Amino acid sequence: MERQLQGLPVDWQVEYEQALRKGIEVFRAYVEAWYDGRFQRLIFEENQLASVKAMISSILAGYAWDEANPMTQRSAKKIEAMAEMCLPL
């Protein structure tokens with residue numbers, strides 16, 4: 001905003017909206033998984049790795065934009081695949 005007030009060009013779409021949307025989509029995948037029950041299967045799975053739970057907790061703590069966290073990449077697909085592995089046989 002400071003740049004815009006200084007009369008400099010700002011591409012809000014590229015510089016802000018796209019980055020914001022990326023994190024929103026990550027968080028949305030986890031919210032949707034909560035409501036359809038997949039999230040609970042991921043978290044309460046007895047054999048779930050502690051590192052996976054830590055990555056998910058990080059996202060829920062607000063780090064949905066942390067590209068170093070593998071669980072922020074293609075979140076919806078990863079949630080689906082992991083939830084399927086947690087289904088009782």
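Note that the structure is a prediction, hence the values are computed from the model and not measured.
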Once you round to the nearest 0.5 Å, how far does CG of Asp66 lie from CE of Met71? 12.5 Å

May I ask you to test the Met55-Lys78 pair for a side-chain heavy-atom distance under 4.5 Å? no

Please check if Tyr30 and Ile24 belong to a single hydrophobic cluster, counting links between Ile, Leu, Val, Met, Phe, Trp and Tyr side chain heavy atoms closer than 4.5 Å. no

Taking the side chain as everything from C-beta on, heavy atoms only, tell me whether Trp34 gets closer than 4.5 Å to Leu60. no

Are Phe44 and Ile59 connected in the hydrophobic side-chain network, where two residues link if heavy atoms are under 4.5 Å apart? yes

Indicate, with yes or no, if Trp12 and Trp65 share a hydrophobic cluster defined by side-chain heavy-atom contacts under 4.5 Å among Ile, Leu, Val, Met, Phe, Trp and Tyr. no

Output for pair (Arg38 CZ, Gln40 CD), nearest 0.5 Å, gives 10.0 Å

Looking at side-chain heavy atoms only, is the closest gap between Tyr63 and Thr72 below 4.5 Å? no

hydrophobic_cluster_shared for Val26 and Leu20, side chain cutoff 4.5 Å: no

Side-chain heavy atoms of Ile79 within contact of Glu32, under 4.5 Å: no

Nearest 0.5 angstrom please: Ser57 OG to Ile43 CD1, how far? 5.5 Å

Tell me whether Leu42 shares a hydrophobic cluster with Met85, the cluster being built from Ile, Leu, Val, Met, Phe, Trp, Tyr side chains joined at under 4.5 Å. yes

For Lys22, does the NZ atom sit with more than 12 other heavy atoms under 6.0 Å from it, leaving out its own atoms? no

Are the side chains of Lys77 and Glu80 in touch, meaning some heavy atoms are under 4.5 Å apart? no

Do you know which two heavy atoms are closest between Ser75 and Ala29, and how far apart they sit? CB-CB, 3.9 Å

